[in-house]
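Report on the following structure.
Since this is a predicted model, take the numbers as computed values, not measurements. Just so it is clear, the values below take in all heavy atoms, side chains as well, and ignore hydrogens, waters and symmetry mates.
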Amino acid sequence: MAEENENGQEKTEQPTPKRRQDAKDKGQVPRSKELNTTAIMVLGAGGLLVFGGYMLGQLFQVFDLAFTVSRNDIFDPEAPARYFRHAVALGLAAVAPFAALMLLAALVTPALLGGWTFSGKALQPKLSKLNPVKGLGRMFGPKAAIELAKAIAKVTVVGGVGTLLVWAMQGQIRQLAQAQLEPGLLQGATMFFWAFFALSCAMILVALVDIPYQLWDHTKKLKMTRQEVKDEFKQTEGKPEVKSKIRQLQQQIAQGRMMENVPKADVVVTNPTHFAVALQYDQKTMRAPRVIAKGVGEVALKIRELAGEHRIPTFEAPPLARALYYTTELEQEVPAGLYLAVAQVLAYIYQLRHARRHGGERPQRPKPQLPEEFIKYTRAAGWQPGEAPGN
C-alpha cells in the first residue's frame, strides 16, 4: 500500500529530479552504514596485510630502544627525554601509512552511495526528534525491526566465519605456545591480519543486502502525490505571464537574428504587402534554396525595407509567398514540391542581374505555378486561383 502525506493523499508518483536535488541540498541522500563499515574494515585489513610487516619491524625497534639501554644513558639525565622522542618518532613512522589509508577510507567510503553532501540544513536541530511518541515509534517501528534483523545477520555471518577460522587455524594457534618471541609475534600477527581480513570480507554479504534496501527506502521517502507533481511543475515552469514575457523576448531575439540574414538573400518573394519570404541559394553548399527570413504584416514590411536598402531584388508572387511562409521554417530548405516554382524565380533573378550588368535583352517574367497540394495554403490565406497578383 502506498504511503500517505499529511493531507491523506497517497504518494504514488516517483520522485522527480528536482525533488531528489532538493533532498540532496538538505543532506537527505541514501546512506548505508553497513557499506561504510565494511569498506573501512576491508581497507583496514588490507592495509594491515600490506603494512603489517613494516609496522612490526618498527615495533621491534621500539622494544629494542626501550629495553636496551647503555650504562652511560642510565646515568644521563637527558637520556629519558631523548629515548622518548626517538620512540615517538618510530611509533609515528610505524602507524603513518596505515593512518593515511584509514583517513582516505573514511573520506572516500561515504561517497560510494549518495556521493558527498555538504549541507548546513542537516546540522540544524529538529524539535520533532524530541517527540517521545515519535521516538517510541522509531524504536518499535518497521525500521527498528529491520535494523534488528541486520544486527542478527551480522552476528550470524561474522560469528560463523569466525568459528570456521578458529577451527581451520587451531593447529597454528597451538604452535604459537611453543614459538620463540619474535617469530611467534610475526606468526600471530600474520594470522590475526588474515583472520581480520576474512571477517571483514564476510561483512560484504550484509552490505550487498543493505545497499538495495537503502536505495529503495530513500526513494520511498521521496515519493510524491500527483498534486505535488503538478505543483512542482507549475513552480518550475513559472507563471503564465512570465512564460509569455519570456516567449516574447525570445521571439524578439529570433526576429533580430532573422533580420540580420536579409542582406544575404538572393531574392525576397512577396505578397506583395502582407507576406515576405527571403530565399538564399548557394550551389556549392546548399542542396536546395533555403528560407532565411519570413514574416507577415509589419515584419514583412521590415523585410522589404531591408531588401530595398541592400538592393536585394523582390519578386511579387502571392501564392508562392504564402505557400513558402506556411510550409517552411527558418533555415530550412523549401519543400520539394516548390522546387520548380522557386527555381523559375531564381533563374529570372539571375538572368535579370546578368542583363543589367552586361546588357542584353530583359528576361521574361515567369508565372510560377503551384502543385495542387500547396493550393490549400493560398486558399487559407484568402487567395483564390485566377486572382491578379497583389490581391
Test side chain to side chain contact (heavy atoms under 4.5 Å, CB included) applied to Q369 - qualifying residues, sequence neighbours left out: K367
K294/L324 under side chain to side chain contact (heavy atoms under 4.5 Å, CB included): CA gap, chis, key distance, verdict: CA-CA 9 Å; K294 68 175 186 175; L324 286 170; over 6 Å; no
Euclidean distance, R365 CZ relative to E316 CD, rounded to 0.5 Å: 6.5 Å
With sequence neighbours excluded, residues passing salt bridge (charged side-chain N to carboxylate O under 4.0 Å, His left out) with R362: none
Student check: side-chain heavy atoms of V267 and I312 closer than 4.5 Å: no
Side-chain heavy atoms of Y281 within contact of Q283, under 4.5 Å: yes
Between side-chain atoms of residues 156-168 and protein atoms elsewhere (two or more places apart, or another chain), which donor-acceptor pairs fall under 3.5 Å?
| from | atom 1 | to | atom 2 | distance (Å) |
| --- | --- | --- | --- | --- |
| T156 | OG1 | I152 | O | 2.7 |
| T163 | OG1 | G159 | O | 2.8 |

Identify every side-chain donor-acceptor pair in residues 199-208 under 3.5 Å, counting partners at least two apart or on other chains, and give the distances.
| from | atom 1 | to | atom 2 | distance (Å) |
| --- | --- | --- | --- | --- |
| S200 | OG | M41 | O | 3.4 |
| S200 | OG | F196 | O | 2.8 |

Smallest separation among heavy atoms of T270 and R304, with atom names: CG2-CD, 3.8 Å
Side chain to side chain contact (heavy atoms under 4.5 Å, CB included) between K154 and E34, intermediate numbers included: CA-CA 9 Å; K154 286 190 285 187; E34 312 306 331; 3.2 Å; yes
Nearest heavy-atom neighbours spanning T314 and A307: CG2-CB, 4.3 Å
Side-chain polar contacts of residues 50-59 - donor-acceptor pairs under 3.5 angstrom, sequence neighbours left out - could you list them?
| from | atom 1 | to | atom 2 | distance (Å) |
| --- | --- | --- | --- | --- |
| Y54 | OH | A93 | O | 3.0 |
| Q58 | OE1 | Q61 | NE2 | 3.3 |
| Q58 | NE2 | L90 | O | 3.4 |

ILVMFWY clustering at 4.5 Å (side-chain atoms), partners of L301: none
Nearest non-hydrogen partners of T328 and V334, listed with the distance: OG1-CA, 4.2 Å
Shared-cluster residues of V209, by chain and number - hydrophobic side chains joined below 4.5 Å: none
Other residues, nucleotides, ligands: >12 heavy atoms within 6.0 Å of F84 CZ: no
Worked verdict on V291 versus Q332 for side chain to side chain contact (heavy atoms under 4.5 Å, CB included): CA-CA 6 Å; V291 173; Q332 283 188 355; over 6 Å; no
Output a table of donor-acceptor pairs, distance under 3.5 Å, between side-chain atoms of residues 336-345 and any protein atom two or more places apart or on a different chain; print 'none' if there are none.
none

Pairwise side-chain contact, T219 with P15, heavy-atom cut-off 4.5 Å (strictly under): yes
Within-4.5 Å side-chain heavy-atom neighbours: F374 and L320: no
Transitive ILVMFWY side-chain link L49 to F98, under 4.5 Å: yes
Residue pairs, two or more places apart or on separate chains, that pass salt bridge (charged side-chain N to carboxylate O under 4.0 Å, His left out) and touch residues 191-211: K150-D210
Side chains of E333 and R287 in contact at under 4.5 Å (non-hydrogen atoms): yes
Any residue meeting ring pair (Phe, Tyr, Trp, His ring centres under 6.0 Å) with Y325, in chain and number order, not counting sequence neighbours: F275
Note, K223 side chain near R19 side chain (heavy atom, < 4.5 Å): no
Sub-4.5 Å side-chain heavy-atom contact between D266 and L279: no
More than 12 heavy atoms from other groups under 6.0 Å of CD on Q170: yes
Linked, directly or transitively: Y326 and I292 (ILVMFWY side chains, under 4.5 Å): no
Counterpart residues, salt bridge (charged side-chain N to carboxylate O under 4.0 Å, His left out), relative to K302 (two or more places apart): none
Contact list for residues 293-320, test ring-ring contact (aromatic ring centres under 6.0 Å, His included), sequence neighbours left out: F315-Y348
Heavy-atom side-chain proximity of N261 to E331 below 4.5 angstrom: yes
